[in-house]
Each structure stands twice: as structure tokens, then as C-alpha cells.
Amino acid sequence: AAFQKDANWLDWCAAPSKPAFVPPPGAVDAHCHVFGPGDEFPYAPERKYTPCDAGKAQLFALRDFLGFERNVIVQATCHGADNRALVDALQAANGRARGVATVRDTVTDAELAELHAAGVRGVRFNFVRRLVDPKPDAYYRAIIERIAPLGWHVVIYFEAADLAERWGFFTSLPTTVVVDHMGRPDVRLPVEGPEFQRFVRLMDEHPNVWSKVSCPERLSVSGPPGYDDVVPFARYLVERFPDRVLWGTDWPHPNMISHMPDDGKLVDFIPRIAASAELQRKLLVDNPMRLYWGA
Ligand SMILES: O=C(O)/C=C(\C=C(/O)C(=O)O)C(=O)O
């Protein structure tokens, strides 16, 4: 094989349980990835991890098994700014997938047009240092100038400690801004405490800011299968900002060290954080369709 996955890499769950929760018709898995296969879509030389391959066929099979209709496929750092695997998956999805790409400030108009034609509707800025060496604000502002005319939005991934430091930059972004995984709250701290309430203030004071209420498996201290300690945080955001939340599996779950989540159990997390059919429809259908399909 062209690439060897990292020695401690956990492969995605090959036989997830069938979720008890049945997603509403048209439900969207709004945060997932495709990895390689590496001998067709090489991993980026600047990557900080090498995953197992996780291709579009498995992603779409999981979509169908879990009862979802569509995917938003997000470029992961292991592919850097090489979006070929993402574009390949989008083109194979027959309109049932949209993408969030990674581009450099040198991206050409032709490259942006090709990405848009494939179904890309946003770019991702990853500030998690174990994944990417951060760039100066000017680098990101240059990219935003290039993508704003396309109507794209920005997805940002950062650690809770970064929020205070980058508040000025995050609140200056002119597009819709979607935060991955609730800004990674420390769930040992109280929901009403100053740390999580800083993130709540970001959403409360900036109506262009959305959040994914995903990845309990990354945040939980109490652990699987229920990730009980994450429920209050995700539920709070769904109930406070029902029109600006998204949910995703995060398949194939890169960099999970403690365990590999069962995707069926992640789906059964949804009714615990979105307790009514209306909130479930907003979270899984209305919000992602509005943002990614312009519905
Ligand atoms: O998949 C996620 O959203 C989380 C992770 C990885 C990435 O986002 C990435 O490599 O782009 C992580 O926390 O390691």
C-alpha cells in the first residue's frame, strides 16, 4: 500500500448497531469525511496523522444503514488542501452530498469554480494545533475574500482555550460561520459556567454563528455508549439556537484513541439532545438543507 496508517490508529466500526432512533425523511449527516484510498488519493505530505482508508462507498453505505438521505463531507487535515477525494465523493453522490473544502490563499478562480460545480459550499479553517500549524489571520482573510463571492461559508474547528484568544477574528468573519463540535467544551465544567457561556455568548451575540452538536465521543469523560456528560451541552445549544445547529457522525472518526464509537449509538444520542420531532427536523433537515442546498 502507498501509505501505512499510524501504529495506534483505530479503524472505524465495521458493524455499527442499527439505531433505535429513526431520522426524519431527508435527514443530513452534516459532518463526515472520506479518506483516500491512499493509492488513488494520496494523503498530504504536511499531514500530522495517517488514517486508514475510508472511502465513499463505505460512507454512503453507512448513510443508508443509519437512515440518512444526504451527507455534508468535510475535508480533513490528512488530505491538506488536496480536495480530490472529496470532489470524487461529491460527484458520485448524485446531488445527495455537499462539501466543505480546504483551500490555500493561492487558490485560483478556476479551482474554486470546479469545487463549486462539484457541490462545495464552504471552506474549513482548522485551528487545532495537533492537526494543523495555524496561519496568521491575514491568510484566512485572503481566503474569505476569494470565497465570499461564491456565497460560501466558513467552518472553524478550534479548542475551547482558543476562543478567548481568537474572539476578535472569529467575530469579524463576514460569512455564516459554523463551529465544529460546540468549540470542544470541557464537559467537566458546568454548562452555566463562564467557559461554555463564553461560547454561548458567541452564538447569542453573532447570529451568523452556527454550531455542530456532534462528537460526544471526543468530548465525553463518562464515555460510551451514552456519553451522558455531553448531553446537557448539546441539548442547551439545540434548545437555545434551534435554527443554527447541525449534527454529524464524524465518520470515520479520525484520531479517536480511547475507543471507536458505534455509529448507531451516536445516532441514538440525537433524541436525547433534540427531544421533539420539530427540533429533530430542524437539526437534521431544515438547517442543513437551508445552509448547503439553499432550500
Ligand atoms: O474529524 C474531526 O472533526 C475531528 C478531528 C480531525 C479533523 O477534523 C481533521 O483532521 O480535519 C480531530 O479532532 O482529530
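As a basis for the values below, the full set of heavy atoms in this structure was taken, side chains included, without hydrogen atoms, waters or symmetry mates. Read the numbers this way: they start at 1 and go in the same order the structure lists the ligands and their atoms.
Atom CZ of Arg130 sits in a crowded spot, with more than 12 heavy atoms from other residues, nucleotides or ligands closer than 6.0 Å.
Within the cation-pi definition used here (under 6.0 Å to the ring centroid, within 45° of the axis), Arg201 qualifies as a partner of Trp167.
The CD1 atom of Ile156 sits 4.0 Å away from the CZ atom of Phe170 when rounded to the nearest 0.5 Å.
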side-chain hydrogen bond (donor to acceptor under 3.5 Å, both in side chains) between Thr249 and Arg63, intermediate numbers included:
CA-CA 10 Å; Thr249 56; Arg63 171 199 67 197; over 6 Å; no
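The contact set between ligand 1 and Tyr49, taken as ligand atoms under 4.0 Å from a residue heavy atom, comprises 9 (C), 10 (O). In summary, the atoms of ligand 1 found under 4.0 Å from a heavy atom of Ala76, numbered by their order in the structure, are 9 (C), 10 (O), 11 (O). Against a heavy-atom cut-off of under 4.0 Å, His181 is close to the following atoms of ligand 1: 2 (C), 3 (O). The distance from ligand 1 to the heavy atoms of Pro254 drops below 4.0 Å at these ligand atoms: 1 (O), 6 (C), 14 (O).
Between His153 and Thr175, the side chains place no donor N or O within less than 3.5 Å of an acceptor N or O (distance only, hydrogens not considered). With no hydrogens or angles considered, a side-chain donor-acceptor pair links Tyr157 and Arg184 at under 3.5 Å.
Within the 4.0 Å heavy-atom shell around ligand 1 one finds Arg130. Under a 4.0 angstrom heavy-atom cut-off, Leu131 registers as being in contact with ligand 1. Remark: distances from the non-hydrogen atoms of His33 to ligand 1 include one below 4.0 Å.
With a 4.0 Å cut-off on non-hydrogen atoms, Asn126 touches ligand 1 through its side chain and not its backbone. When heavy-atom distances to ligand 1 are checked against a 4.0 Å cut-off, Thr77 comes that close through both its backbone and its side chain.
The shortest contact between atom 2 (C) of ligand 1 and any protein heavy atom is with Asp250 OD1, 3.3 Å. Of all protein heavy atoms, the one closest to atom 8 (O) of ligand 1 is Arg124 NH2, 2.7 Å.
Considering backbone and side-chain N/O atoms, Tyr157 comes within less than 3.5 Å of an N/O atom of ligand 1.
In this structure, Phe233 and Pro216 have side chains that are not in contact, with every pair of non-hydrogen atoms separated by 4.5 Å or more.
Checked for salt-bridge contact, Asp250 and Lys212 miss the test: no charged N lies under 4.0 Å from a carboxylate O.
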